[in-house]
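To start, the structure under review is shown below, and the notes come after it.
Each chain gets a letter, A, B and so on, in the order the sequences are listed, and its residues count up from 1.
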Amino acid sequence: MPKCGLKFVKFATWNVNSIRARISNVLSWLRAANPNVVMLQEIKVVDECFPRLKIQELGYQCIVHGQKGYNGVAILSNRGFGDVLPYLPGGKEEDARYLEATIDDVRVVNIYLPNGNPANSEKYIYKLSWMKRLKMRAKELLIDEMPVILGGDYNVIPTDDDVYDHNELQGNAVIKPEIRAAFREILWLGYTDAFRAKNPTKHRYSYWDYSGRAWQNNRGFLIDHLLLSPQAADRLEDAGIDTNPRGQKKASDHTPVWCTLADRSMTKIMP
DNA sequence: ATGCCTCGACTATCGAGA
């Protein structure tokens, strides 16, 4: 691995909506975008059936926390892994929605936050309690002042500027004030939304429904986020949304959100 | 109003997604 001479490390999050249905899309995007670390959600497959070999051929190692049929998360890295934690602490694990590992000196947290619809159901209660647990973990991760990147499909539209028409989604669990407040509670711990820090333009989306020609009409939401701890935010170089995969054949309904952080070697330079 | 598509589990429909 060429660790010397690499100025920036590129991180991305992508809900692929089945890794088996999406493998060719994922491989071509890895070749085109050349990320170093990728957080995948909704792989919808057990660990044993994750297509590791095809991904390894492109130089990535994989860690997988899968589940049959639904959910499931994985992290790809061309810089190795350490200290893998496959469960969100602080409660009973009901689905495969969480995977944490150290890559270089960065703690990478991959989440697939419960959708929570319909609101005022058990699923909604589950979403709220999951967010409370995530906040506790996010706070805990700040203690040792290591760079942390908390990425994934949050199923939260942070503001009315992050959706094509907030009125159409009134009452939806991705937009409810209580859910937005729970998301902000994590931000207020000291996390920075990487995309928002670098892109003031409103109405930029990471998800477009399959139905109703939502992609063609740009009726989308921004629900995939990369949150950076202060030590990670110090190293933020750029961030964006790569909309190309959403326009491909057999696309996922989500598209990758990415950011680049200064490599560890750059921060070692003393004045 | 939720399902205008898509997926996986199954083999004919159906739950889930957001």
Original post:
Is the distance from OP1 or OP2 of B/dC4 to the nearest side-chain N or O of A/Arg219 less than 4.0 Å?
Top reply: no

**OP:** Could you check how far CG of A/Asn172 sits from P of B/dA1, rounded to whole Å?
**Re:** 11 Å

Original post:
What residues join A/Ile149 in its hydrophobic cluster, counting side-chain heavy atom gaps under 4.5 Å, either direct or through other members?
Top reply: A/Val9, A/Phe11, A/Val37, A/Met39, A/Ile63, A/Val73, A/Ile75, A/Phe81, A/Val84, A/Leu99, A/Ile103, A/Val106, A/Val108, A/Tyr112, A/Phe195, A/Leu222, A/Leu226, A/Leu228, A/Leu236, A/Ile241, A/Val257, A/Leu261

Original post:
Roughly how far apart are A/Tyr205 OH and A/Ile157 CD1, rounded to 0.5 Å?
Top reply: 9.0 Å

Original post:
Touch check for A/Gly212, heavy atoms < 4.0 angstrom, all strands: base, sugar-phosphate only, or nothing?
Top reply: base

Original post:
Which one, B/dG8, B/dC4, B/dT6, comes nearest to the side chain of A/Arg22?
Top reply: B/dT6

Original post:
According to the salt bridge (charged side-chain N to carboxylate O under 4.0 Å, His left out) rule, which pairs have a member within residues 85-103 of chain A, sequence neighbours left out?
Top reply: A/Glu93-A/Arg133, A/Asp95-A/Arg97, A/Glu100-A/Arg107, A/Glu100-A/Arg137

Subject >> Between B/dC14 and B/dC4 - P atom distance, rounded Å >> reply: 13 Å

Subject >> Contacts of A/Trp215 that satisfy ring-ring contact (aromatic ring centres under 6.0 Å, His included) - sequence neighbours left out >> reply: A/Trp208

Original post:
Hey, does A/Arg213 reach any base, or is it just sugar-phosphate, or nothing, if we go heavy atoms under 4.0 Å?
Top reply: nothing

Subject >> Distance in angstrom units between A/Trp215 CH2 and B/dT6 C1', rounded >> reply: 17 Å

Original post:
Nearest-Å distance, CD (A/Gln170) to P (B/dA1)?
Top reply: 11 Å

Original post:
Does any pair with a residue in residues 44-68 of chain A pass salt bridge (charged side-chain N to carboxylate O under 4.0 Å, His left out), and if so which ones, sequence neighbours excluded?
Top reply: none

**OP:** Measure the distance from CG on A/Asn25 to C1' on B/dC7 and round it to the nearest whole Å.
**Re:** 14 Å

**OP:** Check the side chains of A/Asn199 and A/Thr201 for a donor-acceptor pair under 3.5 angstrom, ignoring hydrogens and angles.
**Re:** no

Under 3.5 Å, which protein N or O atoms sit close to an N or O of nucleotides 13-17 of chain B? Give each pair with its distance.
from   : atom 1 : to       : atom 2 : distance (Å)
B/dG17 : OP2    : A/Lys123 : NZ     : 3.4

Subject >> Of A/Phe221 and A/Lys68, the one whose closest DNA chain B nucleotide lies more 5' >> reply: A/Lys68

Subject >> salt bridge (charged side-chain N to carboxylate O under 4.0 Å, His left out): pairs with one or both residues in residues 183-197 of chain A, sequence neighbours excluded >> reply: A/Lys135-A/Glu185, A/Asp162-A/Arg196

Subject >> P spacing across the pair B/dT2 / B/dA16, given as an integer number of angstrom >> reply: 15 Å

